[in-house]
Protein chains: 2
Amino acid sequence: MKRVKKKLFSDFIAQKGLKSTRQRDTILEFFLASDRHMSIEELYLKVRAKHPNIGYATVYRTLKLFAEAGLAREIQFGDGQTRYEHVNEGEHHDHLVCTRCGTIVEFENPVIEKLQDEVALSHGFLIETHKMELYGLCPKCRK
Amino acid sequence: MKRVKKKLFSDFIAQKGLKSTRQRDTILEFFLASDRHMSIEELYLKVRAKHPNIGYATVYRTLKLFAEAGLAREIQFGDGQTRYEHVNEGEHHDHLVCTRCGTIVEFENPVIEKLQDEVALSHGFLIETHKMELYGLCPKCRK
DNA sequence: TTGTTTATGAAAATCACTTTCACTGACTGG
DNA sequence: CCAGTCAGTGAAAGTGATTTTCATAAACAA
């Protein structure tokens with residue numbers, strides 16, 4: 001899986017006429033090894049722990065690049081932090097977010113997706129993407 | 001409808017021991033007369049056109065108050081602007097957002113809501129709220 | 001290896017709020 | 001009705017999270 005993503009990124013870099021740099025490789029490494037929902041800050045801190053010379057701006061710019069390359073996606077959970085999640089070929093999922101502890105659980109539901117398409121169509125919209133988040137208490141926090 | 005909302009707000013004000021001011025009345029007036037999805041900036045500009053002496057901070061604080069009073073709700077469409085929409089008694093709806101022109105259409109779908117609850121339950125979550133936005137092209141922009 | 005062009009890091013600038021603070025203006029008790 | 005009290009207001013300063021700038025460094029082509 002990591003191999004595939006790395007290939008995807010180096011192809012993107014090449015095809016765009018960009019340069020392959022040590023920093024980008026490092027950041028990709030850390031991104032691939034990370035949780036599925038990292039804020040820029042979180043990834044930056046992880047990277048900096050091993051590579052104190054890599055700056056925040058570079059992490060920020062590189063994450064944007066990952067999104068452009070199609071191996072990451074920006075998400076907002078309304079807490080004022082932009083997060084990036086991993087994108088896997090043809091996969092889409094939504095989120096359950098615990099309002100107390102911040103735990104994020106992913107889920108997929110084809111039936112809902114289908115209904116979404118129907119709703120959109122009935123309003124004449126052609127859907128490109130969607131976002132669905134359910135906020136509440138996770139099992140632990142319910143106690 | 002406006003009468004009801006105004007009553008709601010004045011009751012809230014009274015019950016909280018807050019004060020009724022000319023500014024709050026003015027801002028409520030403009031909010032009630034507005035589109036259903038206004039950013040603070042947009043409402044501020046509309047208000048300022050008629051009342052140049054009302055400041056941004058007051059609009060900002062008053063909108064928060066409307067949310068607390070239950071007649072407005074904060075929404076985020078990921079464009080970095082906080083918007084406020086009107087809240088009507090017992091109503092919940094989701095949004096279709098045009099990625100080209102920004103048009104926002106509201107919709108309700110009880111079947112999806114039910115499925116959301118089921119999904120949440122199957123993960124042990126107790127849902128408080130949810131957010132669902134479908135992004136794509138509106139009928140006009142499809143042409 | 002050099003030249004050209006993109007990338008990087010540190011710092012400054014933005015953006016969209018949020019808070020502060022000195023001054024106003026609502027309401028309350030007389 | 002009138003002063004005192006305390007919440008409300010506006011302008012400006014402060015915040016937090018990016019986002020951009022700019023001088024320097026590092027790729028990669030020739």
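Order of the sequence lines sets the chain letters (A, B, ...), proteins ahead of strands, with each chain counted from 1.
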Spacing of B:Leu28 atom CG relative to D:dG8 atom C1', expressed in whole Å: 16 Å

Axis bend over the full length of the helix from C:dT1-D:dA30 to C:dG30-D:dC1, computed from five pairs that close each end, to 10 degrees: 20°

Starting at CZ of A:Arg48 and ending at C1' of C:dT8, how long is that distance when rounded to a whole Å? 16 Å

Anything under 3.5 Å between a donor and an acceptor, one on a side chain of residues 100-108 of chain B, the other on a protein residue two or more places apart or in another chain? List them.
residue	atom	partner	partner atom	Å
B:Glu106	OE1	B:Arg36	NE	3.3
B:Glu106	OE2	B:Arg36	NE	2.8
B:Glu106	OE2	B:His37	NE2	3.2
B:Glu106	OE2	B:His93	NE2	3.3

Separation of atom CD1 in B:Ile27 from atom C1' in D:dG8, rounded to whole Å: 11 Å

Quick check, are the ring centers of B:Phe9 and B:Phe66 under 6.0 angstrom apart? yes

Starting from P on C:dA16, measure out to CG on B:Asp79 and report it in whole angstrom. 9 Å

Under the salt bridge (charged side-chain N to carboxylate O under 4.0 Å, His left out) rule, what pairs show up with a residue in residues 111-122 of chain A, not counting sequence neighbours? A:Lys114-A:Glu118

Ring pair (Phe, Tyr, Trp, His ring centres under 6.0 Å) against B:His92, all qualifying residues, sequence neighbours excluded: B:His130

Are B:Leu8 and B:Phe30 connected, step by step, through hydrophobic side chains (Ile, Leu, Val, Met, Phe, Trp, Tyr) whose heavy atoms are closer than 4.5 Å? yes

Is a donor on one side and an acceptor on the other found under 3.5 Å between the side chain of A:Ser39 and the backbone of A:Gln81? no

Identify every side-chain donor-acceptor pair in residues 47-64 of chain B under 3.5 Å, counting partners at least two apart or on other chains, and give the distances.
residue	atom	partner	partner atom	Å
B:Arg61	NE	B:Ala57	O	3.4
B:Thr62	OG1	B:Thr58	O	2.6
B:Lys64	NZ	B:Glu74	OE2	2.9

Measure from CG on A:Leu45 to P on D:dA17 and round the result to the nearest Å. 11 Å

Any chance you could list the contact pattern along nucleotides 18-30 of chain D? Use B for base contacts, S for sugar-phosphate-only contacts and - for none, protein heavy atoms under 4.0 Å, 5' to 3'. BBBB----BBS--

B:Glu133 versus B:Tyr135, side-chain donor and acceptor atoms under 3.5 Å: yes

Separation of atom CG in A:Leu65 from atom C1' in C:dT6, rounded to whole Å: 12 Å

Does B:Asn88 use its side chain to pair, donor to acceptor, with the backbone of B:Glu91 at less than 3.5 Å? no

Measure the distance from CG on A:Leu63 to P on C:dT8 and round it to the nearest whole Å. 13 Å

Starting at CD1 of A:Ile54 and ending at P of C:dA7, how long is that distance when rounded to a whole Å? 15 Å

